[in-house]
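Below is one structure; the comments refer to it alone.
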Amino acid sequence: MTTSNSIKIIKGNIIFTPTPEEFMITEQGFIVIQDGCVEGVYKSLPSMYSGIEITDYSDKLIIPGMNDLHCHAPQFRNLGMAMDKELLPWLDNYTFPEESRFKDEEYAHSVYSEFVREIWKQGTTRIAVYSTVHKSAALQLMELFENAGLGAYVGKVNMDRNCPDSIRESAEGSLADTRELLEAMANKDSLVKPIITPRFVPSCSDHLLDGLGKLATQYGTPVQSHLSENRGEIEWVKELHADSSFYGEVYDRYGLFGQTPTLMAHCVYSDEQEMSLMRSRGVIAVHCPTSNMNVGSGMMPVRNFLDAGIRVALGSDISGGHTCSIFKTMVYAIQISKLLWADSGKQTAFLSNSEAFYMATKGGGSFFGMVGSFEKGYDFDALIIDDSELNRFGYTLEQRLERFIYVGDDRHILHRYVQGKLIEEPAI
Ligand code: GUN
Ligand code: FE
């Protein structure tokens, strides 16, 4: 028997996307939450719930929390700078030197605390994030997310070639540290979990990829990496692996391409073979539009991925990307899709608001379980949006959401919930 103690009722203007095609909108509706999960959304409250206290958010919007499926926490200090190089020299000149500083635990703690607070601030409730090669920094990042009450897959990065000595691991050392982290997190009941994170093919030897694939299978751990982001990078992968017919095949050979749940960031230049394998393996393509523009990578043809039946999520890709806001990431995704639409002679349909919203909520959320929707059984991860300042002229609820996404910001996010729990600002 459930008791009323485990039931919460929240009232307001409820908006979510059960499908990419349209918003489901309940004006002045009720969400019944039981043990952190949505029991139902109602226009009028069923009598069985009468007598239970209602948290009334009056005219505010209630929407699912944002899911950021690709982000680099140790690049947070570089946010909004170092935009004058493309991927490979950008890594060498700016990113690798910054990441090498995370050997220092105090430095890692100071940057990661600020980072976690920013993620909270921007309304991201779940994230898949890279740390650095350093085990201690990865553990700190996990602990900070745990303390914050946010959901996170945290990856200790693996790299044993083509990077500065200061952050190059031996394959054996990298595998041993990764195993240790998997063991440390193995039986924990937590919203924070490890994820296997070979940085990308050029920075991992065959031996390392092979060992990581075996760990993923043994522990049933998900995988995240980069894929077909930049033309120079793809050429380099071809040189390094002349026997592979496409980039993703290298990951696949080692059990790192959908054998366990897998995120592949960017996919700007994936060919048909690569896309076909992504579809059949259920690999999620993570679209990172801000990064693709800033680092000059190109335009991911997101419509082709959707048409091919590939799951697509959104990522901030800090600090290739310059904003932690997944709302702004939605806007850039729509804008890029419009450039592709214009370029295609209006043949390739651009993204609708509901499609972009779906990617940020239910699409990306699927990586974390039943997350990103208010359908029955979903975790109640939600944002309460006070857009009264943006609503002076009177708009429909759908217009209000669109305006918040385009011109709103963190000042309009009143509250964040994860699994039904109100999440306060993390302490620094
Ligand atoms: N490919 C390998 N490492 C990185 C990284 O840190 N950022 C981006 N955008 N691409 C990468
Ligand atoms: Fe990245």
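Ligands are counted one by one from 1 in listed order, and the atoms in each one are counted from 1 as well.
- Ligand 1 has no nitrogen or oxygen under 3.5 angstrom from a nitrogen or oxygen of E99.
- A donor-acceptor pair is defined here as one N or O able to donate and one able to accept, closer than 3.5 Å; no such pair exists between the side chain of N13 and the backbone of E27.
- In summary, E229 places no N/O/S atom under 2.8 Å from the Fe ion (ligand 2), failing the contact criterion.
- Surrounding CZ of R403 are more than 12 heavy atoms belonging to other residues, nucleotides or ligands, all under 6.0 Å away.
- Residue contacts with ligand 1 leave out V295, since none of its heavy atoms falls under 4.0 Å from the ligand.
- Of all the heavy atoms of Q75, the ones lying under 4.0 Å from any atom of ligand 1 belong exclusively to the side chain.
- Residue E229 has at least one N or O atom closer than 3.5 Å to an N or O atom of ligand 1.
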For the pair E99 and R199, evaluate salt bridge (Lys or Arg N to Asp or Glu O under 4.0 Å) and give the outcome as yes or no after the intermediate values. CA-CA 12 Å; E99 290 196 12; R199 180 172 211 118; 2.9 Å; yes
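- The side chain of W90, and not its backbone, has at least one atom closer than 4.0 Å to an atom of ligand 1 (non-hydrogen atoms only; side chain from C-beta on).
- Residue E146 qualifies as enclosed at atom CD: its count of foreign heavy atoms under 6.0 Å is above 12.
- Between D317 atom OD1 and H72 atom NE2, the angle centred on the Fe ion (ligand 2) amounts to 90° (nearest 10°).
- The distance between the ring centers of Y112 and F102 falls below 6.0 angstrom.
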